[in-house]
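Pasting a structure below so you can have a look.
Here is how names work: the chains are called A, B, and so on, in the same order as the sequence lines, proteins then strands, and each is numbered from 1. Computed from a predicted model, the values in this text were never measured in an experiment.
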There are 2 protein chains.
Amino acid sequence: MPRPSRHSDMPSPDTAGPGSDGLDRGMLPGLVGYALRRAQVAVFQDFAREMAAMRVPVTPGEFGILVLVSRNPGLSQTALARAIGVDRSTLVPILDRLERHGLIKRHPSPTDRRSHALELGAAGMALLPLYEAAVRRHERRIQRRLRAGEGGALIAALDLLLDGATSR
Amino acid sequence: MPRPSRHSDMPSPDTAGPGSDGLDRGMLPGLVGYALRRAQVAVFQDFAREMAAMRVPVTPGEFGILVLVSRNPGLSQTALARAIGVDRSTLVPILDRLERHGLIKRHPSPTDRRSHALELGAAGMALLPLYEAAVRRHERRIQRRLRAGEGGALIAALDLLLDGATSR
DNA sequence: TATTGTTATACTCTATAACTATA
DNA sequence: TATAGTTATAGAGTATAACAATA
């Protein structure tokens, strides 16, 4: 994890953040939620920049779907929707697009004729390794200001944050 | 086709994340971007939950606007839009709502008759301290699984991430 | 009766372009 | 000519409700 900042508790009000414009931001720079939101936006933009070089660019959410489908072949749309936290109706146009580009394929389920068994399509099998490499490049770039091993500690801290924000 | 990376790289693939559903998530749990997105969603929901108790609930973005306006009275809409990273046209309906609730006020600028000088409204002056207290409670809750001082380190790491993702 | 995928619909958030009144 | 605020409009992204087919 990052440096054990030897300050007592509430982080400093901060006179001016990085790339600042001279405005007084008050308590904002001391808030985890504020740092989280700004980092999130920048990281998404960097992801898109890396993907722009690909033949079929995908969003972070779509990349997640491709990984999930490849590791859990035969998954149903409802199960996938639950796994990524969206309504099953929200998933339909997303899968439509991925299927249109051959990234995934909707097979008839052998056991339930209402259900679709999701698999990677031909383009998906060809491109997923390229997407994974692109994501690794992206991860290396966004973490380049961190010290070695700090990325893992950051993930651990974010998972703890998720837990603190989620659990009753 | 998930390929065994022969680099000594990413953290462990993770057998099952917290609150998992038995699905194999492959490399996802080892990605900072993935942890960031999930934490972000949970933290926003917790913010909304804290705000639900207030007379006039505000979003994280609206809270940021109130802080900015209170610390930089006389700010113009264009300057504010730039500070929070949205188009100035996007800001208009947001300020409309805040003004309707008396949280902010658009004064005529003394120096430029095209421009509005933003100030806190009467309700804004009364409520901002309550919002700030609510945000501190929210911050304390989401950080409750972290060790003492780790919140500051987390902010520092997120700021470094922002820098790595942003700079050319 | 309940569930799966789908459709229709609506709501939120955001941007672009064009307008107006000033500068 | 350029800028500040505004409007009209459009495109993502998301959800809810209802439907047909199937369980």
Distance-only donor-acceptor test, A:S89 side-chain atoms vs D:dT16 base atoms, 3.5 Å: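 For A:S89, whose side chain was compared with the base of D:dT16, there is a donor-acceptor pair (under 3.5 Å).
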
Side-chain heavy-atom pair B:L161, B:L36 within 4.5 angstrom cut-off: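 Yes; the side chains approach each other to less than 4.5 Å.
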
Whole angstroms only, please: what is the CG-P distance between B:D96 and D:dT7?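 Computing the B:D96:CG to D:dT7:P distance gives 7 Å.
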
Take atom CZ of B:R97 and atom P of C:dT12, then tell me their distance rounded to the nearest Å.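 So the CZ-P distance, B:R97 to C:dT12, works out to 11 Å.
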
Protein-nucleotide distance (A:L95, atom CG; C:dT7, atom C1'), rounded to Å: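 Rounded to the whole Å, the gap is 15 Å.
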
Whole angstroms only, please: what is the CZ-C1' distance between A:R88 and D:dA20?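 In whole Å, D:dA20 C1' lies 13 Å from A:R88 CZ.
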
In whole angstrom, what separates B:L91's CG from C:dA15's C1'?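 Taking atom C1' of C:dA15 as the reference, CG of B:L91 is at 14 Å.
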
Calculate the interatomic distance between B:E62 atom CD and C:dC13 atom C1'; express it in whole Å.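 That distance rounds to 12 Å.
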
Between D:dA12 (C1') and A:Q45 (CD): distance, integer Å: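 Nearest whole value for this atom pair: 15 Å.
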
NE2 of B:H116 versus P of C:dA23: gap in Å, rounded?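 Whole-Å distance recorded here is 12 Å.
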
Of the options A:R140, A:R137, A:R141, A:R144, which is the one that meets A:D46 in a salt bridge (charged side-chain N to carboxylate O under 4.0 Å, His left out)?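 Of A:R140, A:R137, A:R141, A:R144, salt bridge (charged side-chain N to carboxylate O under 4.0 Å, His left out) with A:D46 is met by A:R141 alone.
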
Remember a base hit wins even if backbone is also touched, and classify B:S109 as base, sugar-phosphate or nothing at under 4.0 Å, heavy atoms.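 Nothing: the residue B:S109, judged by heavy atoms under 4.0 Å, touches no strand.
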
Please confirm whether the shortest side-chain N or O distance from B:T78 to OP1 or OP2 of D:dT3 is below 4.0 Å.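 No, B:T78 has no side-chain N/O under 4.0 Å of OP1/OP2 on D:dT3.
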
At less than 3.5 Å, do the side-chain atoms of A:R114 and the base atoms of C:dT3 form a donor-acceptor pair?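 Yes.
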
Under a 4.5 Å cut-off applied to non-hydrogen side-chain atoms, are A:I65 and A:L103 in contact?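 With C-beta onward as the side chain, the pair stays apart.
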
Within the structure shown, what part of the strands sits under 4.0 Å from A:D112 by heavy-atom distance: base, sugar-phosphate, or nothing?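 If one applies the 4.0 Å heavy-atom cut-off, A:D112 turns out to touch the sugar-phosphate alone, with no base involved.
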
Do A:Y34 and B:E139 have side chains that approach each other closer than 4.5 Å (heavy atoms only, starting at C-beta)?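 Of all side-chain heavy-atom pairs linking B:E139 with A:Y34, none is under 4.5 Å.
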
N/O (side chain, B:R113) to phosphate O (OP1/OP2, D:dT3) under 4.0 Å: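 No, no such contact exists.
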
Between B:R82 and A:D21, does any side-chain N to carboxylate O distance fall below 4.0 Å?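 So B:R82 does not pair with A:D21 through a salt bridge.
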
Closest-nucleotide ordering on DNA chain D, the 5'-leading residue of A:V86 and B:D87: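 Counting from the 5' end, the first nearest nucleotide belongs to B:D87.
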
With heavy atoms under 4.0 Å as the rule, sort A:T90 into base, sugar-phosphate or nothing.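 Base: the residue A:T90, judged by heavy atoms under 4.0 Å, touches a nucleobase.
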
